[in-house]
Amino acid sequence: MKTVKKAIIPAAGLGTRFLPASKSVPKEMLPIVDRPIILHIVEEAVRAGIEDIVIVSGRGKSAIEDFFDASYELEDLLAKSGKEDLLKTIVDIKNMANIISVRQKEALGLGHAVLCAESIVGDEPFSVLLGDEVMMTPDHKPTVTGQLINLYGETGLSAVAVMEVLSEQVSKYGIIAHEPSTNSRYKVTSVVEKPSLSEAPSRLALPGRYVFTANIFNEIKSCSPGVNGEIQLTDAMTSLVKKSGMIATLFDAKRFDAGDKFGFLQANIEFALQDKNIGPQLKPYLKSLAETL
Ligand code: G1P
């Protein structure tokens, strides 16, 4: 069985939930404390052993490519001014993985965005990490992508993360149907994109972390436009389930919807509390603020 060394990060969305900020700055470049969202996501992949990362971006997103490129003037300036720590941070970013950028020329949906990376991924299993979902896992634990890669290694099946959501939230997510289970793993029987509450087969939602075998690409190619007229990854997942099976698992991490204003603020607060410089200032500030609310 091939090991998972490649990842796709779809990052072509327009970021309308973050307008006006996202008018000229890709939403993936908005910072959580001092690191852009996309860096948190790339780091999750790298911690899981991923070596090649395909970022599927779109028009107006070249700041993402620049971010992972060399920055000679900045590096030179930091070296000459003896700012070794900052220099190391900057150099580490350009060396952390082989970043490959492809463009999704039309906004045809998440399934289509993943398909844009097919020629780079080839016939290897790969992971997908959605560009606006941020996961927080302690350094000594496997990341969510790492947990899925382990599960794929154990079972040989495509593996996806799921989380339990409230009834009123099922219509925001892809929701799995599954066979009965007594533990935190579920044999998936189909996936429904953004169902109404009455149509939802469960309350187990996809938070945007997947490991797929390469045959998902053929399933995407066979998909007709689904919800919102888009080529949906979830529709291709249902076809894949029927042909080769899929396993879903609850995961061990704190998850933030960083593409949403509230989720973005939560992520900023929680990552800042963990930051060794900001945390000690922020904690008493939040406590005193809470007393005034
Ligand atoms: C996408 C997927 C959906 C998934 C969600 C997670 O939807 O289509 O299945 O549950 O991401 O964030 P989007 O939020 O892009 O509409």
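Note that ligands are numbered from 1 as they come in the structure, with each ligand's atoms numbered from 1 the same way. Scope of the values below: all heavy atoms of this structure, side chains included, with no hydrogens, waters or symmetry mates.
The nearest protein heavy atom to atom 15 (O) of ligand 1 is not closer than 4.0 Å.
Side-chain atoms of Val192 and Thr234, non-hydrogen and from C-beta on, never get closer than 4.5 Å to each other. The shortest side-chain heavy-atom distance between Arg209 and Val160 does not fall under the 4.5 Å cut-off.
For Asn277, the CG atom sits in a packed shell: over 12 heavy atoms of surrounding residues, nucleotides or ligands are nearer than 6.0 Å. Within a 6.0 Å sphere centred on CG of Leu14, heavy atoms belonging to other residues, nucleotides or ligands number 12 at most. Within a 6.0 Å sphere centred on NZ of Lys187, other residues, nucleotides and ligands contribute 12 heavy atoms or fewer.
Remark: minimum distance from atom 12 (O) of ligand 1 to any protein heavy atom is reached at Glu133 OE2, 2.5 Å. Looking from atom 5 (C) of ligand 1 to the surrounding protein, the closest heavy atom is Leu206 O, 4.0 Å.
Minimum interatomic distance between Lys94 and Asp69 (heavy atoms only, all atoms of both residues): CB-O, 3.9 Å.
Of the candidates Glu193, Arg209, Gln232, Glu193 brings a heavy atom nearest to atom 3 (C) of ligand 1.
The distance criterion of under 3.5 Å between nitrogen or oxygen atoms is not met by Pro207 with respect to ligand 1. Close N/O approach between Tyr210 and ligand 1 is not found [any backbone or side-chain N/O within under 3.5 Å].
Residue contacts with ligand 1 include Thr234, since one of its heavy atoms falls under 4.0 Å from the ligand.
Using a 30° and 60° split on the angle between ring planes, Phe217 and Phe126 fall in the parallel class, below 30°.
Residue Lys194 has at least one heavy-atom neighbour below 4.0 Å for each of these atoms of ligand 1: 7 (O), 8 (O), 13 (P), 16 (O). Under a 4.0 Å criterion applied to the non-hydrogen atoms of Gly174, ligand 1 contributes the atoms 3 (C), 4 (C), 9 (O), 10 (O).
By the criterion of a heavy-atom distance under 4.0 Å, the side chain of Leu130, and not its backbone, is placed next to ligand 1.
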